[in-house]
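On a predicted model such as this, the values are computed, not experimentally measured, just so you know.
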Amino acid sequence: MPRTSVITGAASGIGQATKDLLERRGERVIGVDIHDAEVVADLSTAEGRSALVDAVRKISGGRIDAIYAVAGLALPAPATVAVNYFGTLATVDGLRPLLAGSDAPRAVVVSSMAALMASDQDLVALLTSGDEPGAMSRAEVLAKDPATTGGLIYASTKLALSRWVRRHAASAEWAGAGIPLNAVAPGIIATPMTADLIDTEEERNALLNMVPMPLNGIAEPIVVARLLAWLNSAENTHLCGQIVYVDGGSDAVLRGDSVW
C-alpha cells in the first residue's frame, strides 16, 4: 500500500514542491489550501481547521501515514498568527489520531530561520500559552507599524512554533505513540511568498546581508521538499523534536558555535 500524506499549503511554494515530489514517488497525497487543492480550507479560522480534519478523515477513510504542516503567511498582520501558529497546531493535533493505523506514522512542520531573528516577547508568550484572542490582539498592535513592529509577527510565530515542537515531540502523544515529530527551518526560498523580496539583484543582496546563505545561496522549494520527505519517511525512526535548518548556513553564521 502506498503511503498517504496530508500537506497543507499544497497549492504553491514548498507545499506544492513536496506534493509533486511525493506523488512522483508513488505516494497518495491529500493537498490542503485555500484554493486549487483537494481540500479547500482556511486555517486562519476555527471553522476552516475543523473542515480540514473532517475532510481528510472522509477522503482518507480515517487513516493517514504522514502530516506535512507547511501552510504559512509572512504578512505583518494578525492573520499570520492565526495561520502560522494556531492553524499549524490545529493541523497536527487534529490529524494525529488518523496516524494511529499507520505502520510508520510521521509528522513535520515548517518553521523558519526567522525564529533566530528579533521577535516580540509578549506575542511569543501569548502564543506559547495558547491564548489565540490575546495573540491576535497583540498582533493587531504590532501591525499598526508594518515597517518595524509588524515585522516581528512572523518571527514570533516561528519561534513559538519551534518551541512547541521541542516541548511536545518527546511526549506520550507523539514519541510515546511511535510518531517522530520534527520541524524544518528554511532560509530564503524562492517561492511566491518571497518573490517581491528577491525580484532584483539589489533586493537579493540586501536580503542575503540579513540572512547569509554561504552555501549555494537562495534555494528552490524542492530543496526543502526533499528534507521534508525524508523526515516523514519510514527511514526516519529516531529523529525527534529537531529543528533542522535548511538555510545554506544562516544558522551557523548567525549563532556561531552555539548549540542546543
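- Separation of atoms CG (Leu98) and CG (Asp65) is listed at 11.0 Å; rounding is to 0.5 Å.
- Side-chain contact between Arg63 and Ser102: present, with at least one pair of heavy atoms (C-beta onward) separated by less than 4.5 Å.
- A donor-acceptor pair under 3.5 Å links the side-chain atoms of Thr45 to the main chain of Gly48, judged by distance alone.
- Nearest approach of Asp122 to Arg138, heavy atoms of both residues: CB-NE, 3.8 Å.
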query: Between Trp174 and Val92, does a side chain to side chain contact (heavy atoms under 4.5 Å, CB included) hold up when you go through it step by step?
result: CA-CA 10 Å; Trp174 293 99; Val92 293; 4.1 Å; yes
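- Asp33 contributes no side-chain N or O that, together with a main-chain N or O of Ala37, makes up a donor-acceptor pair within less than 3.5 Å.
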message: With side chain to side chain contact (heavy atoms under 4.5 Å, CB included) as the criterion, how do Ile189 and Val223 come out once you've worked through the C-alpha distance, each side chain's angles and the decisive distance to 0.1 Å?
response: CA-CA 9 Å; Ile189 311 299; Val223 172; 5.8 Å; no
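- Put simply, OH on Tyr68 and CZ on Arg106 are 10.0 Å apart, with the number rounded to the nearest 0.5 Å.
- A donor-acceptor pair shorter than 3.5 Å cannot be found between the side chains of Asp131 and Ser129.
- Each of Leu22 and Val109 belongs to its own hydrophobic cluster when Ile, Leu, Val, Met, Phe, Trp and Tyr are linked at side-chain heavy-atom distances under 4.5 angstrom.
- Side-chain contact annotation: Asn236 with Ser233, donor-acceptor N/O pair under 3.5 Å absent.
- Put simply, the side chain of Thr8 gets close to the backbone of Val70: a donor and an acceptor are under 3.5 Å apart.
- A donor-acceptor distance shorter than 3.5 angstrom exists from the side chain of Thr149 to the backbone of Leu142, with no hydrogens or angles considered.
- Side-chain contact of Glu202 with Thr200: a donor-acceptor pair under 3.5 Å is absent, judged by distance alone.
- Asn182 is not listed as a side-chain neighbour of Val244, based on a closest heavy-atom distance of 4.5 Å or more.
- Judged by distance alone, with hydrogens and angles left aside, the side-chain atoms of Asn232 form a donor-acceptor pair with the main-chain N or O of Ala107 at under 3.5 Å.
- With rounding to the nearest 0.5 angstrom, the OG1 atom of Thr194 is 11.0 Å from the CD atom of Glu203.
- One N or O on the side chain of Ser156 and one on the backbone of Asp120 form a donor-acceptor pair closer than 3.5 Å.
- In this structure, Asn209 places its CG atom where more than 12 heavy-atom neighbours from other residues, nucleotides or ligands lie under 6.0 Å away.
- What you find for Ser250 and Val211 is that their closest heavy atoms are OG-CG1, 3.3 Å.
- Here Asp257 does not pair with Arg255 in a salt bridge; the nearest charged N to carboxylate O distance is not below 4.0 Å.
- The pair Lys19-Glu23 meets the salt-bridge criterion, with a side-chain N (NZ, NE, NH1 or NH2) lying under 4.0 Å from an Asp/Glu carboxylate O.
- The distance from the CD atom of Glu27 to the OG atom of Ser5 is 4.0 Å, given to the nearest 0.5 Å.
- Contact annotation: the side chain of Val165 approaches that of Ile243 to within less than 4.5 Å [non-hydrogen atoms, C-beta and beyond].
- Side-chain contact check for Val110 versus Leu228: some heavy-atom pair is nearer than 4.5 Å.
- Heavy-atom minimum distance, Arg49 versus Phe86: NH2-CB, 3.6 Å.
- Interatomic distance, CG of Leu95 versus CD1 of Ile67, reported as 4.5 Å (0.5 Å rounding).
- Using a 4.5 Å cut-off between side-chain heavy atoms of Ile, Leu, Val, Met, Phe, Trp and Tyr, with links allowed through other members, Met210 and Ile198 fall into the same hydrophobic cluster.
- Linking ILVMFWY side-chain heavy atoms closer than 4.5 Å, directly or via other members, places Ile14 and Val108 in a single hydrophobic cluster.
- Other residues sharing the hydrophobic cluster of Leu159, ordered by chain and number and joined by side-chain separations under 4.5 Å: Val124.
- For the residue pair Leu127 and Ala135, the shortest heavy atom distance occurs at CD2-CB, 3.9 Å.
- The side-chain heavy atoms of Ile218 and Leu208, taken from C-beta on, include a pair separated by under 4.5 Å.
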task: Give the intermediate values and the outcome of side chain to side chain contact (heavy atoms under 4.5 Å, CB included) for residues Trp164 and Thr128.
output: CA-CA 7 Å; Trp164 182 88; Thr128 301; over 6 Å; no
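- Of the options Asp247, Thr18, Val184, a side chain to side chain contact (heavy atoms under 4.5 Å, CB included) to Val224 is made by Val184 and by none of the others.
- Side-chain contact check for Ile59 versus Glu38: some heavy-atom pair is nearer than 4.5 Å.
- With Thr80 contributing its side chain and Pro76 its backbone, the two residues share no donor-acceptor pair below 3.5 Å.
- Residue Leu75 is not grouped with residue Leu152 when hydrophobic side chains (ILVMFWY) are merged at heavy-atom distances under 4.5 angstrom, including chains of intermediate members.
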field: Step-by-step side chain to side chain contact (heavy atoms under 4.5 Å, CB included) determination, Arg96 to Glu173
entry: CA-CA 9 Å; Arg96 179 170 48 80; Glu173 292 77 13; 3.8 Å; yes
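- Side-chain contact between Leu254 and Met117: present, with at least one pair of heavy atoms (C-beta onward) separated by less than 4.5 Å.
- Placement of Leu239 and Leu227 within a single hydrophobic cluster is found when ILVMFWY residues are connected by side-chain heavy-atom separations under 4.5 Å, directly or transitively.
- Within the 4.5 Å cutoff, the side chain of Ile7 has no heavy atoms near those of the Ile30 side chain.
- Listed for the Arg3 side chain is no donor-acceptor partner under 3.5 Å among the backbone atoms of Ile64.
- Closest non-hydrogen pair, Ser12 versus Pro192, comes out as CB-CG, 4.2 Å.
- Separating the CG atom in Leu126 from the CD atom in Gln121 is a distance of 12.0 Å, to the nearest 0.5 Å.
- Shortest non-hydrogen contact noted between Ala41 and Val32 is CB-CG1, 4.4 Å.
- Counting heavy-atom neighbours within 6.0 Å of Asn205 CG, excluding the residue itself, gives a total above 12.
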